[in-house]
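The block underneath contains the structure these notes are about, expressed in structure tokens.
The structure presented is a predicted model; accordingly, all values stated were derived computationally and were not measured. A note on names: the letters A, B, ... follow the listed sequences, proteins ahead of strands, and every chain is numbered from 1.
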There are 4 protein chains.
Amino acid sequence: MTAKKQHRTTAAPVPLNRAEELLIAAFELFAERNFASVTIKDIGAATGANTALIYYYFGSKEALFRATIENAVDRAFQHFRLLRTQRTTPPEVIAGWLENHVELQDLIRKMVKIGLDYAGTGRRTAPIDRTVRRFYDDEASAVGDAIRAGIRQGLFRKVDVKKLVTFISTHLDGVMVRSMLFDDFDVRAAVAELQAMVWERLGWKPDGDRSSSAVRRT
Amino acid sequence: MTAKKQHRTTAAPVPLNRAEELLIAAFELFAERNFASVTIKDIGAATGANTALIYYYFGSKEALFRATIENAVDRAFQHFRLLRTQRTTPPEVIAGWLENHVELQDLIRKMVKIGLDYAGTGRRTAPIDRTVRRFYDDEASAVGDAIRAGIRQGLFRKVDVKKLVTFISTHLDGVMVRSMLFDDFDVRAAVAELQAMVWERLGWKPDGDRSSSAVRRT
Amino acid sequence: MTAKKQHRTTAAPVPLNRAEELLIAAFELFAERNFASVTIKDIGAATGANTALIYYYFGSKEALFRATIENAVDRAFQHFRLLRTQRTTPPEVIAGWLENHVELQDLIRKMVKIGLDYAGTGRRTAPIDRTVRRFYDDEASAVGDAIRAGIRQGLFRKVDVKKLVTFISTHLDGVMVRSMLFDDFDVRAAVAELQAMVWERLGWKPDGDRSSSAVRRT
Amino acid sequence: MTAKKQHRTTAAPVPLNRAEELLIAAFELFAERNFASVTIKDIGAATGANTALIYYYFGSKEALFRATIENAVDRAFQHFRLLRTQRTTPPEVIAGWLENHVELQDLIRKMVKIGLDYAGTGRRTAPIDRTVRRFYDDEASAVGDAIRAGIRQGLFRKVDVKKLVTFISTHLDGVMVRSMLFDDFDVRAAVAELQAMVWERLGWKPDGDRSSSAVRRT
DNA sequence: TATGAATGAGGGTTCATTCAT
DNA sequence: AATGAATGAACCCTCATTCAT
């Protein structure tokens, strides 16, 4: 959105243009370290681009940071959508959502980290705030819909949908944080535990080894 | 512990010595921004101390950072302990723990933020790793003991204690993160929700408005 | 050699490129004071260059120092070679060498001073060690060859060439040091004295006022 | 002279007073590195003295430096005198002088280095200039006297005494410099070579292995 | 005589940013 | 679209020096 050209809607490993290449490298670096610690030169070095070129594309480090967030959210959406389309029944959607957090944990962890970095400093901007929120809300509403559908279909017990969704996604954030703090934290197990709790809350008994229960206990 | 000298003879809110004063200011700043963004000069300005003095006490910015973490953990412990002694029955201990996260949310949020900052960069050190871990473990074990006692006393249903404790504290981290990301996140409500879930899990029915249920719904 | 780029297309006193300009200014300053006393800012001020530019070209003060030594040795070589080509007979070569130390005393004194500064601190590096040695060895071998030729031609008495060369060049170092220590030390006279001693040792009788005896007594 | 108390004329390993202890440590450090590179704290650390104490004794770093030079010259004199008294005949005095430069090479090298450091910067002071000169002159006059005596006694050929003395001491400086520049420089051999040259100049034939020829060839 | 605390003035180095080409 | 050169503003850190005790 910020970079001069881009929007590649097609599949995947098309030759990235320079701007997108920079955004991806920036994303990795900002996530690994943080805004203040990453140098424009670092990003240049990671992509073989001249420092001035980054300015040519993005105008300033802050603008690059913003563009990085937007681009990352876009890419995350694609990933999620891809995985979502295959699920249909409410339990499958919910299980799928949780599974995503295991499969894409690396991506999500990075996004949470950048999100925290973004939120933590005086760098905030309404458009970016909206982008971040959009990411969280979109996910939440998908799951909310699934729960509501499940209730309607008599699969789930009646619950306060909004509260439950918030509970789940808050917990998932906790899982991500934990895995940042401690190298030996078992994300898969934690998500499995969460899933068990959710099924209990919804009064849903998954049948043992069906694929809907994508997150297997370890 | 970390600063060169200490000499505190009297009880508590005595005029802090210079080193501790610096540590506290540093904690606030590091939590608000992050290691890379906070200037030694900032810390000096916040305490009216000359920049060189900080080096006199701590030797380097990194050492100051480490000392800050240790000092913060120490102080957090004191807070927690203070609040803990008043609770006696298992449900009270658990409710108290949760309540602490509401009452001391500011402190805890800061600690999580600094913890993430610490974990995120190449600045890690075994002693500090241990300090951070100690903080988490100590809390966990206190709650674990309470749950086990509750089970023994027949108050709670039999559960996998370790898993439950991890679940709770992971969720609490999630709550903290959420409140960092979104200004309007209601920590009290989220913790209340968690408490409800915990009681359900433990098969414990608190009697409506008794003080044991310290975290009131909003 | 050391600076990033060079592009010199034309012959000699073309406008120096920035890097070389810096190296020359650095040489003067390092020789006048010493590594520790010379500020990057000093060098910048002497060339009208921004401090950061020096880092752009050389990366660090130490690297600049090393580059300065290499560059100075290079330049000294050029000077020496220029003066050497004009001499042909063995006595002329020897006399020329000595004369060089009078004519180029300023340059040589500076090189010795920087050499001592370099040798004195923990800043030593194999490549630079080699460069310095190369400077001394090259000179020595040129004179050694001349003496050997003179002996072969029956001009000189048979002597231990290596020892004599070491003796002469050690003495020349002494002359340089003396002229550093005492402003009123007469370099020309000292070198003339050395020459007399050398001729005596070699059993060579120069005819009074011929140009071969370039170092006239004062 | 500068330090508040001192002058110990007695033999050697008497318990040094604090000021002298500082001066000796300072001498070593200034010689090893140089004025600018040595920290007051370094000197303090080397003696276990508080930084402020050094100021108490010497007032400033420069004053300490000056005091160090004076003290070092004093101590060098003592050394030289001690060794000189044992020699009596002119050849013995000369040989002894040369030998001193081998035996005390470490001390002398340090003095030359500090001398150069002193001469090199704008730190010069008339009194110190005099002290340094005194050191050189005193030595020179002792040797000059010996040569003159030798000539008078018919042991030596008639020579220009002043010139010869300058030649010798200049060469000795050269030897010291060389040994600073190159770790593998053989001081003893170089001095032996110089001695041979001197004997030749003076027309003196030492008898093989007598103790007068203190500097043995290697 | 001795010391811990404190400070002002840099010094080396980095970095976001710009500009001419 | 791309780059090398250049710069101002900081930033971390050091150090000579002072002062109260």
- prompt: Under 6.0 Å from the six-membered ring centre of B/Phe65 and within 45° of its axis: does the NZ or CZ of B/Arg123 meet both?
  reply: yes

- prompt: In whole angstroms, how far is the P atom of E/dG11 from the CZ atom of C/Arg33?
  reply: 10 Å

task: Between B/Ala52 and C/Ala52, name the one whose nearest nucleotide on DNA chain F is closer to the 5' end.
output: C/Ala52

field: Atom-pair distance (OH on B/Tyr57; C1' on F/dC12), nearest Å
entry: 20 Å

Rounded interatomic separation in angstrom, taking NZ from C/Lys61 and P from F/dC13: 18 Å

- request: Hunt down the Watson-Crick or G-U wobble partner of F/dA20, both distances under 3.5 Å, from any strand shown, or write none.
  value: E/dT3

- prompt: What is the distance from CG of D/Asn50 to C1' of F/dC19, rounded to the nearest Å?
  reply: 12 Å

- line: To the nearest 0.5 Å, atom CD of C/Glu20 lies from atom OG1 of C/Thr47 at 13.0 Å

query: Using a cut-off of less than 4.0 Å, is there contact between a side-chain N or O of A/Arg18 and OP1 or OP2 of F/dA1?
result: no

- prompt: Using a cut-off of less than 4.0 Å, is there contact between a side-chain N or O of C/Tyr55 and OP1 or OP2 of E/dC15?
  reply: no

message: What's the closest nucleotide to the side chain of D/Ile40 if the choices are F/dC11, E/dT1, F/dT17?
response: F/dT17

D/Lys41 side chain near F/dC15 phosphate (N/O to OP1/OP2, under 4.0 Å): no

- request: In whole angstrom, give the distance that lies between atom CG of B/Asn17 and atom C1' of E/dA6.
  value: 15 Å

message: Applying a 4.0 Å non-hydrogen cut-off, can you work out what D/Ser60 is touching in the nucleic acid: base, sugar-phosphate, or nothing?
response: sugar-phosphate

query: When the distance from CG of A/Leu22 to P of F/dA1 is rounded to whole Å, what number comes out?
result: 12 Å

Base paired to E/dC15 (Watson-Crick or G-U; both N/O distances under 3.5 angstrom): F/dG8

- prompt: More 5' along DNA chain E: B/Gly48 or C/Thr51, using each one's nearest nucleotide?
  reply: B/Gly48

Ring-face cation of A/Arg18 near A/Tyr56 (centre distance under 6.0 Å, axis angle within 45°): no

- request: Please confirm whether D/Arg66 makes a cation-pi placement over D/Phe58, using NZ or CZ under 6.0 Å from the six-membered ring centre and within 45° of the ring normal.
  value: no

- prompt: Between B/Leu116 and A/Met180, what is the shortest heavy-atom contact and its length?
  reply: CD2-SD, 3.5 Å

message: Does a side-chain N or O of D/Tyr56 approach OP1 or OP2 of F/dT18 to a distance below 4.0 Å, or not?
response: no

- prompt: How do C/Leu53 and B/Thr39 order along DNA chain F: which one's closest nucleotide is nearer the 5' end?
  reply: C/Leu53

Nearest-angstrom distance from the residue atom CD1 of D/Ile54 to P of E/dT1: 14 Å

task: For D/Leu64 and F/dT17, give me the distance from atom CG to atom C1', rounded to whole Å.
output: 14 Å

